[in-house]
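Reading through the structure tokens given below for one structure.
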Amino acid sequence: MYISDTHLKSFLADAGLVSQKDFDAAEAEAKESKQPVGDILIAKNAIGEDELRRTYAYILGIPFVSLAGTTIKYETLSLIPEPVARRNNIIAYNHRGDELEVAMLDTDDLAAIDFIKKKTHLKVMPRLTDAASVKLALKQYQQGLKDNLGDVIERETAALEKTVVEGEKELREVAEGVPAVRIVDTLLRHANAQGASDIHIEPLEDSLLIRYRIDGILHDAMELPKHAAAAITARIKVLANMRLDEHRLPQDGRFGTESGGERVSFRVSILPTYFGEKIVMRLLRDSISGFTLESIGFHGAGLERMHDAMKKTTGMVLTTGPTGAGKSTTLYTLLDIINTPDLNISTVEDPIEYQMPRVNQTQVRPEIGFTFANGLRTLVRQDPDVIMVGEIRDKETASLAINASLTGHLVLSTLHTNSAAGAVARLLDMGIEPFLLVSTLRVIIGQRLVRRLTADREKYELSRDEQAQLENVVDAGQVLKALKEEKAVQKDATWKNIPFYKPKENGQTPSGYSGRMGIYEVLPVTSTIKELILAGATGDKIEEQARKEGMLTMSEDGIFKAAQGVTTIEEVLRVITE
């Protein structure tokens, strides 16, 4: 939205929204930094973002709408797919005849408007709105889809009740029939809209239980009649290219869907149980671009150590933690940062979780003899600069990865250990010589994922007993020192006056949490750590030395983030003690 600085200054001054002195200072800074004056005014808190947007709407003569308290019909809302609405901050809120009114934060987003015109074949009428309106409208997608899901499931499972399934031919017919297709499609869309990372379809004695893992916690989503199990299982087997007539052996597969411009892959695992076949589907959003180390939770000294390691052209960077700790996301974020035209980046993975442009990604296939080890052996002959190995599982893979890092490559990989220091012991157990480790290891990361608090949260201060309990769990002095060094709290702050937060339940987020972020320990392999490795020191000794050199442990990093209001102490303790 282009408005001349003179015009904007005149209006803001006349309306008494911004003083002339503040505007002149912002204007001078805007010329120097080549940013819009409006952005500078917002950054300096001279005016609110929504207030400035209303001003733009008035000056340009564009209608301004507030959607606060408005319930939008799901048929109208869903004319714009949720991923598009979320990405472009655009909401369809009123549909009359061939006209569609859309509320936007930026009416100059012509690409989004053009996309909606082509998709709906309607005349799109843009209106300016505020961020709060968009946020409230986006929450209506989930409720609308949930209501819609219930209707579809009830109708289509009823249609399956009289279906008799005997042989493979009948199974295929049922799998390709309208009821099974609609039920599975609706389930997948609903799980994706809820932000689920996994879908569990579990046969019970008298019903079929559907559960979603959201932000690391499993939730019951719904129960379906038992007679729907055969059709749903058959449909998923067809999608994942599995054998329909195999009910006694486990099977693995994969398929992808596209919804609203967002590509989602589903990794499928089927396991025979007493009451039928249990299905677990892992949702993998194929795009990982746009993440930064800061956005996934790195900060302070740990962040600096990560950037230093990624500037190197040789050596190894390892990330450790249990399954579901976010290790792959960390590695992909690192690859995204260094993914430039002058580097040849190659990966060998199982599975390929995210697709990245300009990165040569290879999927291992153990069933035909294509393992991490022989995949990595071939990769080093492909003239790579950076190699990512999905996981180091055995001595052969570890040896090849270390040799690759010794011969002029930067190698990124993951290990299943509980802490950063534990990675050294794990590699030594695999039979790797200590002198090879000290020659190659740059940084080892330990990580877990904690749930983020929503903006609507409850503030409190620690009691004396709670402060004592906190000091039993972590080195409270070290955490407080880090908070002060990063200016997250006042210089004279104590645990007594640092506010913490608790989740506050509401209709949209019953748990009070939404989304997850990492808590990390970043262990740089310094000269003193190298000496300890060569001397055969235990993981505890290595961790103790790293802490002396300024490393925050995962639990301490979690308390650091709790003190910032990002998560809660209870959530950190839940994750660390799992």
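All figures in this text were calculated on a predicted structure; none of them were measured in a lab.
A donor-acceptor pair shorter than 3.5 Å can be found between the side chains of Arg442 and Thr314. Judged by distance alone, the side chains of Thr553 and Glu543 never bring a donor and an acceptor atom under 3.5 Å apart. In this structure, a donor-acceptor pair under 3.5 Å is present between the side chains of Thr568 and Tyr513. Side-chain contact check for Asp540 and Thr538: no donor-acceptor pair (N or O, by modelled atom type) lies under 3.5 Å.
Put simply, the side chain of Leu187 does not reach to within 4.5 Å of the side chain of Ile199, judged on heavy atoms. Met310 is listed as a side-chain neighbour of Leu410, based on a closest heavy-atom distance under 4.5 Å. With contacts defined as side-chain heavy-atom distances shorter than 4.5 Å, the pair Met281/Ile201 qualifies. At least one side-chain heavy atom of Ile533 sits under 4.5 Å from a side-chain heavy atom of Val525. Using a 4.5 Å cut-off on side-chain heavy atoms (C-beta onward), Leu244 and Val238 make contact. For the pair Leu462/Leu470, a side-chain contact is recorded, criterion being any heavy-atom separation below 4.5 Å from C-beta on. Under the 4.5 Å side-chain criterion, counting only non-hydrogen atoms from C-beta, Met517 is in contact with Val450. Looking at Phe500 and Glu466, their side chains never come closer than 4.5 Å, going by heavy atoms from C-beta outward.
The local environment of NZ in Lys484 is crowded, with over 12 non-hydrogen atoms from other residues, nucleotides or ligands closer than 6.0 Å. For Lys278, the NZ atom is densely surrounded, since the number of other residues' heavy atoms within 6.0 Å is greater than 12. Annotation: Arg426, atom CZ; neighbour count of heavy atoms from other residues, nucleotides and ligands within 6.0 Å does not exceed 12. Other residues, nucleotides and ligands contribute only 12 or fewer heavy atoms inside 6.0 Å of the CG atom of Asn241.
Note that CG of Asn418 is 10.0 Å distant from CD1 of Ile576, once rounded to the nearest 0.5 Å. If you take CG on Leu218 and CZ on Arg213, they are separated by 4.0 Å, rounding to the nearest 0.5 Å. The line from CD1 of Ile232 to CD1 of Ile210 is 5.5 Å long, rounded to the nearest 0.5 Å. With rounding to the nearest 0.5 Å, the separation of OH in Tyr332 from CD1 in Ile296 is 13.5 Å. Interatomic distance, Lys395 NZ to Asp429 CG, rounded to the nearest 0.5 Å: 12.0 Å. Summarising the geometry, atom OG belonging to Ser413 is positioned 7.5 Å from atom CD belonging to Glu391; distances are rounded to the nearest 0.5 Å.
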Item to check | Step-by-step side-chain contact (heavy atoms from CB on, under 4.5 Å) determination, Leu437 to Ile402 | outcome: CA-CA 8 Å; Leu437 292 183; Ile402 282 171; 3.9 Å; yes

Checklist entry - Step by step, would you call Phe298 with Ile445 a side-chain contact (heavy atoms from CB on, under 4.5 Å)? => result CA-CA 11 Å; Phe298 286 94; Ile445 308 148; 4.1 Å; yes

Item to check | From CA spacing to verdict: side-chain contact (heavy atoms from CB on, under 4.5 Å), Lys561, Glu571 | outcome: CA-CA 11 Å; Lys561 290 180 170 102; Glu571 176 67 7; over 6 Å; no

Checklist entry - What do the steps show when you test Thr257 against Asp185 for side-chain contact (heavy atoms from CB on, under 4.5 Å), and what is the final call? => result CA-CA 9 Å; Thr257 64; Asp185 182 56; 6.0 Å; no

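Here the rule is salt bridge (Lys or Arg N to Asp or Glu O under 4.0 Å) with Asp350, and of Arg254, Arg267, Arg393 only Arg393 fits it. Put simply, the residue from His219, His200, Glu202 that forms a side-chain hydrogen bond (donor to acceptor under 3.5 Å, both in side chains) with Arg211 is Glu202. Under the side-chain hydrogen bond (donor to acceptor under 3.5 Å, both in side chains) rule, Gln447 has a single partner from Thr329, Thr414, Thr330, which is Thr330.
Residue Asp198 comes nearest to Arg282 through the heavy atom pair OD2-NE, 2.7 Å, listed as atom of the first residue, atom of the second, then distance. Heavy atoms only, all atoms of each residue included: Phe255 and Leu239 are closest at CB-O, 3.2 Å. Summarising the geometry of Ala401 relative to Ile392, their closest heavy-atom pair is CB-CD1, 4.2 Å, with the distance given to 0.1 Å. Contact record, Leu293 with Thr333: N-CG2, 3.9 Å, taken as the closest heavy-atom pair. Taking both residues in full, the closest heavy atoms of Ile542 and Ala421 are given as CG2-CB, 4.2 Å, listed atom of the first, atom of the second, then distance. Closest non-hydrogen pair, Ala404 versus Val380, comes out as CB-CG1, 3.8 Å.
A salt bridge is absent between Glu556 and Lys481: the closest approach of a Lys/Arg side-chain nitrogen to an acidic carboxylate oxygen does not fall below 4.0 angstrom. The residues Arg547 and Glu544 are annotated as not salt-bridged, no charged nitrogen and carboxylate oxygen being separated by less than 4.0 angstrom.
Distance alone, capped at 3.5 Å, places no donor-acceptor pair between the Asn339 side chain and the Leu335 backbone. Gln361 places no side-chain N or O within 3.5 Å of a backbone atom of Thr347 that could act as its donor or acceptor partner. A donor-acceptor pair is defined here as one N or O able to donate and one able to accept, closer than 3.5 Å; such a pair exists between the side chain of Asp394 and the backbone of Thr397. Side-chain atoms of Lys504 never come within 3.5 Å of backbone atoms of Gly512 as a donor-acceptor pair (strictly under, hydrogens ignored). Side-chain atoms of Gln564 do not come within 3.5 Å of backbone N or O of Ala488 as any donor-acceptor pair. With hydrogens and angles disregarded, a donor-acceptor distance shorter than 3.5 Å links the side chain of Asp557 to the backbone of Tyr520. Judged by distance alone, the side chain of Asp215 and the main-chain N or O of Gly515 form a donor-acceptor pair under 3.5 Å. Although no hydrogens or angles enter the test, the distance criterion places no donor-acceptor pair under 3.5 Å between the side chain of Ser346 and the main chain of Ile387. With Asn344 contributing its side chain and Asp385 its backbone, the two residues share no donor-acceptor pair below 3.5 Å.
Listed by first and then second residue, the ring-ring contact (aromatic ring centres under 6.0 Å, His included) pairs that reach into residues 409-435 come to none, sequence neighbours excluded.
For Glu549, the side-chain hydrogen bond (donor to acceptor under 3.5 Å, both in side chains) criterion is met by Thr526, Thr528, Gln545, not counting sequence neighbours.
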